Colleague: 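Could you have a look at this structure, given as structure tokens, before my questions?
All values below were derived from every heavy atom in this structure, side-chain atoms included, with hydrogens, water molecules and symmetry-related copies excluded. A quick note: this is a predicted structure, and the numbers were derived from the prediction, not measured.
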Amino acid sequence: MSKKARKWPIQSKARYLSAQEASVTGEVSYIQRLALQRDARVVTLGSLVFFSTQSGDAWLLDTEDGLALKLAEDGDPLPNRIIETTERFMIEWNMDYQIEDSAFISLDATGSRRVIVGYPIAEIRKAIERGQR
């Protein structure tokens, strides 16, 4: 009788921010560091959802408009154009996203569609719901 390795469910943690803690660029840095550590987390900031994955990816989502910006891939931070002042911010989005069943789907400006499984979809859905309230 052989013993099989037990697979533990993927666990992620959610983080909630107060208005005083809110900084888009600060959360980008935070979620990129977590991606480097391969730590799956989900952070909400109004209608924005930041998440990192155990595969080292990190994303920023706009829940109102279905926009996405990939912040890290395989632990490596990706360049982005985010400008923030004390009163407002600007994000140069480069993708749209969808979530279907357990898949995260990104669509870029060329129409290229990428389907990714293994992301913490349940936690991302909860964060999206909070952002749409």
Side-chain angles (χ1 to χ4, degrees):
M1 181 174 173
S2 65
K3 290 185 179 181
K4 292 185 179 181
R6 183 173 179 173
K7 292 185 179 182
W8 296 97
I10 296 173
Q11 294 183 357
S12 66
K13 300 174 186 175
R15 180 175 178 212
Y16 303 93
L17 300 173
S18 70
Q20 295 80 15
E21 297 173 300
S23 167
V24 173
T25 54
E27 291 311 309
V28 166
S29 296
Y30 172 73
I31 212 73
Q32 286 174 323
R33 283 192 309 273
L34 291 171
L36 177 62
Q37 298 167 6
R38 301 191 185 284
D39 188 348
R41 300 279 180 104
V42 177
V43 177
T44 59
L45 180 59
S47 64
L48 300 178
V49 173
F50 303 77
F51 72 90
S52 59
T53 69
Q54 290 182 332
S55 64
D57 292 347
W59 290 83
L60 170 55
L61 309 177
D62 179 330
T63 63
E64 291 179 353
D65 297 323
L67 301 171
L69 177 63
K70 193 168 192 180
L71 301 171
E73 186 169 353
D74 197 26
D76 295 324
L78 296 174
N80 62 69
R81 290 185 36 102
I82 300 173
I83 300 169
E84 182 175 30
T85 68
T86 56
E87 297 174 6
R88 61 178 68 183
F89 60 88
M90 188 279 304
I91 300 169
E92 187 175 302
W93 302 98
N94 59 7
M95 291 186 222
D96 294 323
Y97 79 92
Q98 300 171 340
I99 295 177
E100 294 179 9
D101 299 321
S102 62
F104 180 85
I105 302 165
S106 63
L107 305 133
D108 68 20
T110 68
S112 178
R113 176 181 158 125
R114 184 169 177 211
V115 179
I116 305 165
V117 293
Y119 281 0
I121 296 296
E123 289 83 0
I124 294 167
R125 282 184 195 272
K126 288 177 191 173
I128 290 169
E129 289 173 12
R130 281 192 303 273
Q132 292 176 342
R133 289 184 194 156

Colleague: If a pair satisfies side chain to side chain donor-acceptor pair (under 3.5 Å) and one of its residues is in residues 75-89, list it, with sequence neighbours excluded.
Modeller: S23-E84, T25-E84, R81-E92

Colleague: Mind checking side chain to side chain contact (heavy atoms under 4.5 Å, CB included) for A127 and listing every partner two or more places apart, or none if nothing turns up?
Modeller: V42, T44, V49, R130

Colleague: Restricting to pairs with a member in residues 94-106, which pass side chain to side chain donor-acceptor pair (under 3.5 Å), not counting sequence neighbours?
Modeller: none

Colleague: If you measure only the distance, is there a donor-acceptor pair under 3.5 Å linking the side chains of T53 and S55?
Modeller: yes

Colleague: Could you report the tightest heavy-atom contact between L71 and Q32, atom names first, then the distance?
Modeller: O-NE2, 2.9 Å

Colleague: Which pair of heavy atoms, one from W93 and one from L60, lies closest together, and at what distance?
Modeller: CZ3-O, 3.4 Å

Colleague: Would you call L61 and I124 a side-chain contact if the rule is heavy atoms closer than 4.5 Å?
Modeller: yes

Colleague: Any chain of hydrophobic side-chain contacts (each under 4.5 Å) joining I82 to L48?
Modeller: yes

Colleague: Strictly by side chain to side chain donor-acceptor pair (under 3.5 Å), give each pair with a member in residues 62-75 just once, sequence neighbours left out.
Modeller: R38-D74

Colleague: What is the distance from atom CE of M95 to atom OG1 of T110, rounded to the nearest 0.5 Å?
Modeller: 9.5 Å

Colleague: Going only through I, L, V, M, F, W and Y residues with side-chain contacts under 4.5 Å, is there a path from F89 to L69?
Modeller: yes

Colleague: Mind checking side chain to side chain contact (heavy atoms under 4.5 Å, CB included) for S29 and listing every partner two or more places apart, or none if nothing turns up?
Modeller: R33

Colleague: Within the structure provided, determine whether L67 and I91 are in side-chain contact (heavy-atom separation under 4.5 Å).
Modeller: no

Colleague: Give the other cluster members for M90, using side-chain heavy-atom distances under 4.5 Å between Ile, Leu, Val, Met, Phe, Trp and Tyr residues; answer none if it is isolated.
Modeller: I83

Colleague: List the atom of A58, the atom of A35, and the distance in Å for their closest heavy-atom pair.
Modeller: CB-CB, 3.8 Å

Colleague: W59 vs F51 aromatic rings, parallel, tilted or perpendicular, using cut-offs 30° and 60°?
Modeller: parallel

Colleague: Please find the pair of heavy atoms, one from P120 and one from S52, that lie closest to each other, and give the distance.
Modeller: CG-O, 4.2 Å

Colleague: Tell me, do I128 and I99 make a side-chain contact under 4.5 Å, heavy atoms counted?
Modeller: yes

